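Whatever order the structure lists them in is the order used to number ligands and atoms, beginning at 1. Note that the structure is predicted; figures quoted are calculated from it, not measured.
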Amino acid sequence: MVTTKPTARDLRVANRAGVLRALYFGGDASRLELSQITSLSTATVTNVVAELLADGLVREAGSEESQGGRPRTMLTIAADAGYFIGIDLGENVIRIELFDLLLHPIVAQQVVDVDNLHQPQTVIERIVAGVAAVAQAAQLPLEGVIGAGIGVPGMVDHATDVTVFAPSIGWRNVPLLAELERQLPFPVFLDNGAKAMAQAEALLGAGQGVADLAAVLLGTGLGAGIITGNALFRGATNSAGEWGHMKVVLDGRQCRCGSAGCLEAYLGAHALLERWAALAAADVALNQAEEDGINHLVSAASAGDPAAQQVLDEATRYLSLGIANLINLFNPQRIILGGWAGLRLGPAILPDVRRLTREYALEPPFSAVTIDLCHFGQDAVALGAATLALEEFLTAGGKQRSLAMRTGGLVK
Ligand SMILES: [Zn+2]
């Protein structure tokens, strides 16, 4: 590895990044407090804050009494200094959301597109049109957008050409990022949807302050974002966390990935509806949109329908098995359940999932973990995708980096 001596410019960027992160994740602070948090000298903090004030990224927010001294001016991030877009490219819907600099949602737009997800060109057209529509609804020029992130239902290889491999929607080596950056006037970042959700929950939601966690996403497909020691666990080619294709039955049911016996073939939304149709000897469950079908399944079970109850019981067992395996392998402090199907099933099955997971997992790691629903609900993937752009923005000290310098990754 080649190392080069940091230049004065590198140091300046690092100092700006340090002060911005302190304000971003620690909340409003005075110059003196920023100096203590960042270990920068008060003179350096004063210079950096002057730059950030001039750039409009930070503003003064009143003053706070100090013990025996002059009141100290508090500093805060200027939430309206720029915007991020988060995109959840799901298997049933593309969700496009706009966030301010503090990642507060501003306006959301959904683009429902079930039929043409197999066509990358159609998806790109929908995303570009949706981005324009969201900005217009918020009466913001696209130039105010710092960057956008996209969570996708598949594997994203960050090496050389960023490509998406998503067999569930028929994508192999699709250069989604390059296509979008040709059409959008800001940097775009790409990662797997479950990893994006894990980032959102770790930075701002149910995983705040937790160094080791796993976010599991239940939808048509399944996924997991695993964070160990405050960093996303990516593996050699960023495909770590393909939890849906963990084998749970040898020679089991056929999976969409081409293999058999995967967890997704038993716990994915389509698998649950197929199972319900088989048990009820009727195809009513399959003659509706998947989201309606899962809603119908949960309400039928709570109304005492024995076939629906059996499907939920089986789902509970498979989910507990999948979570127990994650607990045994990764020893997380927290498991966070999300995804549209996870959010609908969770309230009905979570108490039983906790009980069964205790049976299936090893006792020491189980005693260290809590299992909860995700904090951001259906917005978690879009928000997590937006954090990809935020992370880059903070690392660059509050500057929009050139398109050639993109990286992904969670750094707290
Ligand atoms: Zn599979």
Test Ile371 against Arg358 for side-chain contact (heavy atoms from CB on, under 4.5 Å), laying out the working first. CA-CA 11 Å; Ile371 305 170; Arg358 175 192 291 274; over 6 Å; no
Do side-chain atoms of Thr395 reach the backbone of Glu391 as a donor and acceptor pair under 3.5 angstrom? yes
Keeping Gln378 on the side-chain end and Trp340 on the backbone end, is there a donor-acceptor pair under 3.5 Å? no
Can you name the nearest heavy-atom pair linking Arg16 to Leu57, along with the distance?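 Scanning both residues, the minimum pair turns out to be NH2-CD1, 3.9 Å.
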Listed by chain and number, what are the ring pair (Phe, Tyr, Trp, His ring centres under 6.0 Å) partners of Tyr83, not counting sequence neighbours? none
Check which protein N, O or S atoms are less than 2.8 Å from the Zn ion (ligand 1) and report how many there are. 4
Could you check Asp100 against Asp80 for side-chain contact (heavy atoms from CB on, under 4.5 Å), going step by step and ending with a plain yes or no? CA-CA 6 Å; Asp100 70 15; Asp80 56 356; 6.0 Å; no
